[in-house]
Amino acid sequence: MKPIPYGRQNITDSDIQAVAEALKSDFLTQGPRIAAFENQFARYVGAKYAVAVSNGTAALHLGAMALGVSKGDKVITTPITFAASANCVRYCDGEVIFADIDKDNYCIDLNLVEAILEKQKDVKGIIPVDFAGYPVNLEDMRVLADKYGCWIMEDACHSPGAWFTGSKGDKQLCGNGKLAELSVFSFHPVKHIATGEGGMVTTNDKALYDKLCLYRSHGITRDPSLLVENHGGWYYEMQELGYNYRITDMQCALGSSQLMRADEGLLRRNEIADTYNKAFASVDGIVRPLVADKVFHAYHLYIIQVKDRLGLYNFLRSKNIFAQVHYIPLNLMPYYKSLGSKKGDCPVAETFYEHCLSIPLFPSLSNDEQSYVIEAVKEFVQE
Ligand SMILES: Cc1ncc(COP(=O)(O)O)c(C=O)c1O
């Protein structure tokens with residue numbers, strides 16, 4: 001069997017053609033394919049505005065800036081996420097507070113968030129992560145955020161296309177701008193939509209949208225209605241300190257082409273997850289992910305928990321199956337330890353980390369490859 005990674009991109013001839021057309025066009029960057037991708041993405045998630053940027057980390061950083069995070073501002077996030085979800089707070093000199101995860105869905109535990117908000121009245125915001133593609137119930141989180149005067153920036157890097165059913169029976173798509181001030185996506189190759197590097201912020205708030213656009217490109221504006229002076233057609237002003245977090249037209253051409261197949265990919269991801277769920281249902285010693293009611297999971301990752309995770313990881317590697325661990329809790333990272341976090345801060349996350357393993361899940365995984373993975377996992381666990 002050829003090597004099977006835990007995730008991989010799916011590039012078709014039409015993707016290649018779309019990028020080739022961008023390469024032959026007048027614009028490699030700052031051209032029309034960027035706005036086209038933004039509009040298409042905003043429609044896909046049901047938000048008013050979308051701002052495409054160079055990667056998901058840049059999207060989080062711009063989001064934190066637009067929300068006004070500054071020195072010492074407290075922001076709550078989960079320890080079970082990629083470092084960028086927390087680092088964006090540090091880029092703005094804010095303070096990260098880790099709230100432990102829910103033992104069933106592995107996302108941030110709302111009860112613990114509430115306990116922190118009750119104790120520390122000066123928390124400014126919450127960054128929930130739709131971990132592995134499971135959509136956090138932002139309706140419940142909104143109630144808390146409003147009660148304690150916080151903003152929400154949803155890290156939806158794992159969950160484009162996922163949704164939960166709201167209390168009125170409404171479908172709440174991740175990133176729709178209705179419950180979080182901002183939502184952030186990544187287009188890294190293992191994600192649902194791949195642009196190589198790439199990211200997006202969605203929002204329904206025009207003022208935040210304007211800030212994101214400004215900060216994305218050095219804080220520079222050419223909009224005549226915003227200029228303090230105007231010396232002529234060449235004139236621009238740098239009105240804030242921003243960055244070059246722009247994305248290119250080639251990448252957006254690929255993103256638009258990929259986005260057209262996003263729903264197809266989601267269905268295939270769900271099908272693969274179902275097959276794993278059924279295959280492992282009767283096997284003692286494998287904890288499967290929660291299949292929740294009223295939730296459409298985006299299954300960025302399929303994570304099992306086993307007693308001997310290192311053993312299984314090495315056994316799978318010997319069979320050319322490259323599983324991965326998502327994630328090492330951020331409160332155990334030397335950097336966050338240097339800021340005061342420590343082992344024992346997030347016991348549920350830390351126990352999860354001891355046992356979790358992400359096994360292959362991506363739309364082009366063949367049925368034969370999946371059967372091979374299932375047999376290998378069973379062989380090890382049932383030994
Ligand atoms: C949950 C989460 N947040 C943020 C990021 C950062 O995205 P990027 O790699 O595009 O910078 C990632 C990507 O790995 C992620 O998984």
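Whatever order the structure lists ligands and atoms in, that order sets their numbers, starting from 1. This is a predicted model, so every value here is computed, not measured.
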Item checked: Salt-bridge contact Glu181-Arg142 (side-chain N to carboxylate O under 4.0 Å) -> yes
Check: Using 4.0 Å as the upper bound for N to carboxylate O, is an ion pair formed by Lys24 and Glu21?
Finding: no
Checklist line | Atoms of ligand 1 close to Leu60 [distance to a heavy atom under 4.0 angstrom, numbered from 1] | finding: 4 (C)
Item checked: SB check Asp15 Arg261 (cutoff 4.0 Å) -> yes
Note to self: Among all protein heavy atoms in this structure, tell me which lies nearest to atom 8 (P) of ligand 1, with the distance rounded to 0.1 Å.
What the structure shows: Gly56 N, 3.4 Å
Check: Can you find an N or O of Ala84 that's nearer than 3.5 Å to an N or O of ligand 1?
Finding: no
Next item on the list: Among all protein heavy atoms, pick the one closest to atom 9 (O) of ligand 1 and tell me residue, atom and distance.
Entry: Ser186 OG, 4.0 Å
Check: Quick one: nearest non-hydrogen protein atom to atom 15 (C) of ligand 1, plus distance?
Finding: Phe82 CB, 3.6 Å
Checklist line | Backbone or side-chain N or O of His188 under 3.5 Å from ligand 1 N or O | finding: no
Notebook entry, point to check: Which atoms of ligand 1 sit under 4.0 Å from any heavy atom of Ser85?
Noted result: 3 (N)
Checklist line | Heteroatom distance test (His158, ligand 1): nitrogen or oxygen, under 3.5 angstrom | finding: yes
Margin query: Before you tell me yes or no, could you show the steps for Tyr134 and Phe164 under ring pair (Phe, Tyr, Trp, His ring centres under 6.0 Å), namely the whole-Å CA-CA distance, both residues' side-chain angles and the distance that decides it to 0.1 Å?
Written below: CA-CA 9 Å; Tyr134 186 96; Phe164 68 92; 9.4 Å; no
Notebook entry, point to check: Is there a donor-acceptor contact under 3.5 Å from the side chain of Asp104 to the main chain of Leu290?
Noted result: no
Margin query: Check this for me - ligand 1, Asp155, N or O atoms closer than 3.5 angstrom, yes or no?
Written below: yes
Margin query: Under a 4.0 Å threshold between the charged nitrogen and the carboxylate oxygen, would Lys211 count as salt-bridged to Glu240?
Written below: no
Notebook entry, point to check: Among protein heavy atoms, which lies nearest atom 6 (C) of ligand 1, and at what distance?
Noted result: Thr57 OG1, 3.5 Å
Item checked: Identity and distance of the protein heavy atom lying nearest atom 14 (O) of ligand 1 -> Lys191 NZ, 3.0 Å
Checklist line | Lys/Arg cation over aromatic Tyr335: Arg90, 6.0 Å, 45° cone | finding: no
